[in-house]
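Single-structure report; data block below.
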Amino acid sequence: MEKMHLKMTVNGEEMETLAEPRELLIHVLRERLNITGPHIGCETSHCGACTIDMDGKSVKSCTVFAAQAGGADITTIEGLGNPDNLHVLQEMFKEHHGLQCGFCTPGMITRAYRLLQEIPDPTEEEVRFGMSGNLCRCTGYQNIVKAIMAAATEMNATKEAAQ
Amino acid sequence: MIPAAFNYHRPDTIEGAVKLINEFGDEARVVAGGHSLIPMMKLRMTGLSHLVDLQGIGGLKGISVDGDTITIGAMTTQHELIVHKQLSSRAPIIAEAALQIADPQVRYVGTIGGNVANGDPGNDMPGLMQCLDAIYSLQGPSGQRSVPARTFYEAAYFTEREEDEILTSISFQATGGGYAYEKQKRKIGDYATAAAGVLIEKDGDKCSAASIALTNLADTPIYCEAAVAALVGTALDPGDVGAAVKAAVDASDPSEDNRGPIEFKKHIAGVVIRCAIERAIERA
């Protein structure tokens with residue numbers, strides 16, 4: 001099958017690549033664009049390890065063709081922070097032990113980022129419901145929820161201080 | 001999990017999309033959110049060679065309220081249904097049901113059109129649309145036609161929609177009175193073991209109108225005429241509710257699968273139907 005010329009914005013950068021229409025977005029991100037933050041977990045839209053932010057929505061990139069993402073604005077974990085400049089969510093996951101093996105963490109944090117954009121001051125129940133598309137097989141979720149609640153408090157304090 | 005090769009099309013008009021599915025016949029499928037179709041393609045359970053993506057067609061998106069008539073474009077996502085304030089005040093049962101579908105990521109992408117057109121008995125919107133007595137608009141090569149949700153479903157994955165037609169929008173009347181969509185599922189993201197949508201209107205102490213429909217309790221959604229007849233005109237006493245629950249369970253026809261044997265499903269159906277009726281009465 002002939003390859004398509006795809007353009008998308010990833011983490012603020014215009015990117016172009018050639019891909020077959022049948023290639024899933026997660027494969028194009030990881031294997032053609034070298035963006036390996038989003039992970040391949042179940043590859044059946046259950047686990048959420050491949051979660052990215054696409055046009056302001058949390059999306060499981062194993063269930064989207066790269067062709068469908070042509071023209072989209074995508075943010076992955078790499079776009080949220082880096083080792084020298086961690087995002088508040090990353091800091092709080094570290095602080096509150098919101099991870100053990102870390103495999104689900106990029107998806108968790110990318111999803112939590114969008115959740116806090118929509119609900120800046122969530123209840124614990126809203127965090128648990130809002131994170132229900134992401135599975136973690138290590139932590140039992142307690143510390144993930146704590147980390148997200150703490151990040152919300154931190155982000156709100158920063159916002160207030162700026163006003 | 002890589003699907004078989006296909007050609008990708010992104011038309012920008014409904015006419016363009018209809019033309020493509022006519023040109024390629026049964027080798028073509030339209031894709032809305034893709035969260036039912038893409039998993040099937042990954043399992044190589046579909047034989048399509050042309051994928052017609054509807055995301056570029058502006059006219060298929062959005063929610064409009066004109067008097068009491070609500071019209072929802074087929075490409076409107078579950079998330080958009082949940083956050084639409086006017087829709088939630090005029091037909092709150094929609095958001096109540098949509099919040100019980102899949103998980104947040106899937107709701108951002110999954111559409112109402114895909115959910116109702118696919119004909120999967122596990123999908124929640126078909127039963128809900130039968131409860132609301134919704135009308136589906138279909139567009140094909142010879143123009144547009146309307147089909148009521150209550151006659152749209154023929155068998156699992158078989159519907160009134162012809163292969164060269166696209167479901168473009170859904171319309172129904174705003175609801176008054178009480179409502180409830182009750183769903184029993186094994187875990188977040190699962191399809192219903194049993195689910196029921198109920199609408200109840202009261203005039204004084206009497207039930208003046210009602211609607212009851214079931215999800216995943218047969219090959220198709222079920223509109224429960226006998227259960228509705230058991231409620232309308234009554235004072236909605238426990239005996240009336242019991243008669244309606246019995247009539248609705250009798251109308252169900254579940255099959256055994258990994259969600260349980262038939263007896264279990266009928267039992268759960270009785271529980272969710274009763275919960276839905278009682279909650280709708282409380283809210284009426």
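By convention in this document, chain letters (A, B, ...) are assigned in the order of the sequence lines, proteins followed by strands, and residues within each chain are numbered from 1.
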Show me the side-chain donor-acceptor pairs of residues 144-158 of chain A shorter than 3.5 Å, one per line, residues at least two apart or across chains.
from: A/T153; atom 1: OG1; to: A/M149; atom 2: O; distance (Å): 3.0
from: A/N156; atom 1: ND2; to: A/P120; atom 2: O; distance (Å): 3.1
from: A/N156; atom 1: ND2; to: A/A152; atom 2: O; distance (Å): 3.2
from: A/T158; atom 1: OG1; to: A/E154; atom 2: O; distance (Å): 2.8

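Taking CE of B/M41 as the start and CG of A/L24 as the end, the distance is 9.0 Å to the nearest 0.5 Å.
Heavy-atom minimum distance, B/L99 versus A/F129: O-CZ, 3.4 Å.
Of the listed residues (A/G56, A/C62, A/G48), the greatest number of heavy-atom pairs within a distance under 4.5 Å of chain B belongs to A/C62. The greatest number of non-hydrogen atom pairs below 4.5 Å with chain A, out of B/G189, B/G34, B/A4, is found for B/A4.
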Candidate polar pairs, chain A side and chain B side, donor-acceptor under 3.5 Å:
from: A/R22; atom 1: NH1; to: B/P3; atom 2: O; distance (Å): 3.0
from: A/E43; atom 1: O; to: B/K42; atom 2: NZ; distance (Å): 2.8
from: A/E43; atom 1: OE2; to: B/M1; atom 2: N; distance (Å): 3.4
from: A/T51; atom 1: OG1; to: B/Q105; atom 2: NE2; distance (Å): 3.0
from: A/K60; atom 1: NZ; to: B/D103; atom 2: OD2; distance (Å): 2.6
from: A/C62; atom 1: O; to: B/K42; atom 2: NZ; distance (Å): 2.7
from: A/A67; atom 1: O; to: B/Y8; atom 2: OH; distance (Å): 3.4
from: A/A67; atom 1: O; to: B/R10; atom 2: NH2; distance (Å): 2.9
from: A/Q68; atom 1: O; to: B/R10; atom 2: NH2; distance (Å): 3.3
from: A/Q68; atom 1: O; to: B/Q55; atom 2: NE2; distance (Å): 2.7
from: A/G70; atom 1: O; to: B/R10; atom 2: NH1; distance (Å): 3.4
from: A/G70; atom 1: O; to: B/R10; atom 2: NH2; distance (Å): 3.2
from: A/R111; atom 1: NH1; to: B/Y108; atom 2: OH; distance (Å): 3.1
from: A/E118; atom 1: OE1; to: B/Y108; atom 2: OH; distance (Å): 3.0
from: A/E118; atom 1: OE2; to: B/Y108; atom 2: OH; distance (Å): 3.0
from: A/N134; atom 1: OD1; to: B/Q105; atom 2: NE2; distance (Å): 2.7

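Using a 4.5 Å cut-off between heavy atoms, A/M54 makes no contact with chain B at all. Heavy atoms of B/A102 lying under 4.5 Å from chain A are absent altogether.
Counting heavy atoms from C-beta outward, A/F65 and B/V31 have side chains that stay 4.5 Å or more apart.
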